[in-house]
Amino acid sequence: MPGGKLVVADLDVVDEVVRRAQISGDFFLEPDDALERINGALAGLPIALPVAQIAARVRAVLGDGVEMIGFSPEAVAVAVRRALTGATGWRDHAWEFVHDVPRAPALQMALDEVLAEQVGSGERPPTLRIWEWASNAVIIGSFQSLANEVDLDGAAKHDVTVVRRISGGGAMFVEPGNTITYSLYVPESLVSGLSFVESYAFLDDWVVGALNDLGIAATYQPINDITSPAGKIAGAAQKRFAGGAVLHHVTMAYDMDASKMLEVLRIGREKLSDKGTTSANKRVDPLRSQTGLERAAVIERLVGSFAGRYGLSESTIDEETLDEAGRRVASKFGTQEWLTRVP
């Protein structure tokens, strides 16, 4: 469980009912016999029961005086749900790594869609991609209003290209060399049994751990932020595809130009005003100030952490993939119709 301990669910299922359950792991539980009560609560469980109802059954048998350390009734329920849905783990996959050359913002948006579809169809294994930006950009969420989010005069003044991505969430301001952006393209089985909110924490757990290894007291903050006591570090967004793939991408602040960001993003001004804050530096604290490392060194450490956990093999983006992404820029991501789909 993200930020917690390992929870294992071994289940015997007969006629779509859990006949026997055994929960185990490296968690702590007092008193000992509470584990028997948990296992008993899971016996007779219909396999279609959602996480909330499974957790309620577990909680109902615990009573007062039970200490669950490193896990919870919800953690048990998620483990059971993932077991019942045939979920895969990180180490069940052969991961590829792409650190691409700088690309134009619209092409980056198209590549995210194409690469995710390739993972969903089995053409490409699960992949971690580090982006490089060819120009300044603002990336607005799929459902955001262009006029409400972006000051187009400010964007023109600072030579900022505005694009719309396929995932939801808020606007991101990026400059080449000042941000670290990455995408995970994963099969749906990796997050099977998890809600959308739970999958954010699950897919961000590795990078939270890597940031802590860098000396940053990073934590996941629902729904989609990574933060530290010194301020926000990153924001994530996610898109699930009908073909069975999940796109999870994250933009991290390395050396944010806060004043420029506030001239381009309208919503940034409102968020700061709502919090009674006059300086964006109090909200977005760059990785540079917290690590003292060059951007390339931070990327190397993050990627090394992922490789150490799950393994990585080097890969590239082939010409056929680039050509397809280029066609989608022309037909979708580079068009005014897509950019202004929510005016």
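The 12-atom threshold is not exceeded at CD of E300, counting heavy atoms of other residues, nucleotides or ligands nearer than 6.0 Å. Counting non-hydrogen atoms of other residues, nucleotides and ligands closer than 6.0 Å to CD of E294 gives a total of 12 or fewer. Within 6.0 Å of the CG atom in D318, the count of heavy atoms belonging to other residues, nucleotides or ligands exceeds 12. Within a 6.0 Å radius of CZ in R240, other residues, nucleotides and ligands contribute more than 12 heavy atoms. Heavy-atom neighbours of L152 CG from other residues, nucleotides or ligands within 6.0 Å: above the threshold of 12.
Between R295 and R288, the closest side-chain pair of non-hydrogen atoms is not below 4.5 Å. At least one side-chain heavy atom of L194 sits less than 4.5 Å from a side-chain heavy atom of V78. Using a 4.5 Å cut-off on side-chain heavy atoms (C-beta onward), P176 and P102 make no contact. Side chains of L115 and E123 form no contact here, defined as non-hydrogen atoms less than 4.5 Å apart. For the pair H158/V264, a side-chain contact is recorded, criterion being any heavy-atom separation below 4.5 Å from C-beta on. Under the 4.5 Å side-chain criterion, counting only non-hydrogen atoms from C-beta, L84 is in contact with V80. Taking the side chain as every heavy atom from C-beta outward, E263 and D153 never approach each other to under 4.5 Å. Counting only heavy atoms from C-beta outward, the side chains of P73 and L62 approach each other to under 4.5 Å.
The CG atom of N224 lies 8.5 Å from the CG atom of D204; values are rounded to the nearest 0.5 Å. Within the model, atoms CG of L128 and CZ of F306 stand 5.5 Å from one another, a figure rounded to the nearest 0.5 Å. Rounding to the nearest 0.5 Å gives a distance of 12.0 Å between OG1 of T316 and CZ of F97. The distance from atom CG of L211 to atom CG of L287, rounded to the nearest 0.5 Å, is 6.0 Å. Going from atom OG1 of T321 over to atom CD of E117 covers 11.0 Å, rounded to the nearest 0.5 Å. Summarising the geometry, atom OG belonging to S142 is positioned 4.0 Å from atom CZ belonging to R341; distances are rounded to the nearest 0.5 Å.
With R301 contributing its side chain and L214 its backbone, the two residues share no donor-acceptor pair below 3.5 Å. At distances below 3.5 Å, not a single donor-acceptor pair connects side-chain atoms of S305 with backbone N or O atoms of L302. At distances below 3.5 Å, at least one donor-acceptor pair connects side-chain atoms of D92 with backbone N or O atoms of G89. Without hydrogens or angle criteria, D15 side chain to V17 main chain gives no donor-acceptor distance under 3.5 Å. S145 places a side-chain N or O within donor-acceptor distance of the main-chain N or O of P343, the cut-off being under 3.5 Å. Remark: the backbone N or O of M256 is not paired with any side-chain donor or acceptor of N178 at under 3.5 angstrom. Remark: the backbone N or O of A110 is not paired with any side-chain donor or acceptor of R328 at under 3.5 angstrom. Formation of a donor-acceptor pair under 3.5 Å by the E198 side chain with backbone atoms of S195 is found in this model. Formation of a donor-acceptor pair under 3.5 Å by the Q144 side chain with backbone atoms of A171 is found in this model. Listed for the Q108 side chain is a donor-acceptor partner under 3.5 Å among the backbone atoms of E132.
Minimum heavy-atom separation, A234 to V250: CB-CG1, 3.7 Å. Of all non-hydrogen atoms in L203 and Q238, the two that sit nearest each other are CD1-NE2, 3.8 Å. For the pair L6 and D26, the tightest heavy-atom approach, listed with the atom from each and the gap, is N-OD1, 2.6 Å. When all heavy atoms of I23 and N39 are compared, the pair lying nearest together is N-OD1, 2.9 Å. The two atoms that bring V61 and I38 nearest to each other are CG2-N, 4.3 Å, heavy atoms only. Closest heavy-atom contact between H249 and D112: ND1-OD2, 2.7 Å.
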*Kindly determine whether R129 and T127 satisfy side-chain hydrogen bond (donor to acceptor under 3.5 Å, both in side chains), including the steps that lead there.*
CA-CA 6 Å; R129 178 170 76 103; T127 299; over 6 Å; no

Could you go step by step and tell me if Q290 and S228 meet the side chain to side chain contact (heavy atoms under 4.5 Å, CB included) rule? CA-CA 10 Å; Q290 295 197 56; S228 76; 3.2 Å; yes

Could you give me the CA-CA distance, side-chain angles and deciding distance for W95 and Y185, then say whether ring-ring contact (aromatic ring centres under 6.0 Å, His included) is met? CA-CA 10 Å; W95 291 90; Y185 312 98; 10.0 Å; no

Checklist entry - Can you check side chain to side chain contact (heavy atoms under 4.5 Å, CB included) on V138 and V163, steps first, answer last? => result CA-CA 6 Å; V138 163; V163 293; over 6 Å; no

Check the pair M261, D257 against side chain to side chain contact (heavy atoms under 4.5 Å, CB included), reporting the backbone distance first and the verdict last. CA-CA 6 Å; M261 178 183 72; D257 186 333; over 6 Å; no

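Taking the charged nitrogens against the carboxylate oxygens, D323 and R327 have no contact shorter than 4.0 Å, which rules out a salt bridge. Taking 4.0 Å as the cut-off between side-chain N and carboxylate O, D12 and R19 do not count as a salt-bridged pair. In summary, K260 and E175 engage in a salt bridge, as defined by a charged side-chain N under 4.0 Å from a carboxylate O.
Taking the six-membered ring for Trp and thresholds of 30 and 60 degrees, F71 and F27 have nearly parallel ring planes, at less than 30 degrees apart.
Transitive grouping of hydrophobic side chains (ILVMFWY, heavy atoms separated by less than 4.5 Å) keeps L247 and Y182 in distinct clusters. By the criterion of side-chain heavy atoms lying less than 4.5 angstrom apart, applied directly or through intervening Ile, Leu, Val, Met, Phe, Trp or Tyr residues, F173 is grouped together with I140 in one hydrophobic cluster. Cluster annotation: V8 is not connected to L11 through the hydrophobic network of ILVMFWY side chains, with a link wherever side-chain heavy atoms come within less than 4.5 Å. No single ILVMFWY cluster, assembled from side-chain heavy atoms under 4.5 Å apart, contains both V246 and V119. Cluster annotation: I216 and V298 are assigned to the same hydrophobic cluster (Ile/Leu/Val/Met/Phe/Trp/Tyr, side-chain heavy-atom contacts under 4.5 Å, transitive).
The ring of Y310 has its center no closer than 6.0 angstrom to the ring center of H93.
Residues passing the ring pair (Phe, Tyr, Trp, His ring centres under 6.0 Å) test with W131 are W133, sequence neighbours excluded.
When R57, R81, R59 are each tested for a salt bridge (Lys or Arg N to Asp or Glu O under 4.0 Å) with E74, only one passes: R59.
Geometrically, R164 does not engage F143 in a cation-pi contact, judged by NZ or CZ lying under 6.0 Å from the ring centre and within 45° of the ring axis.
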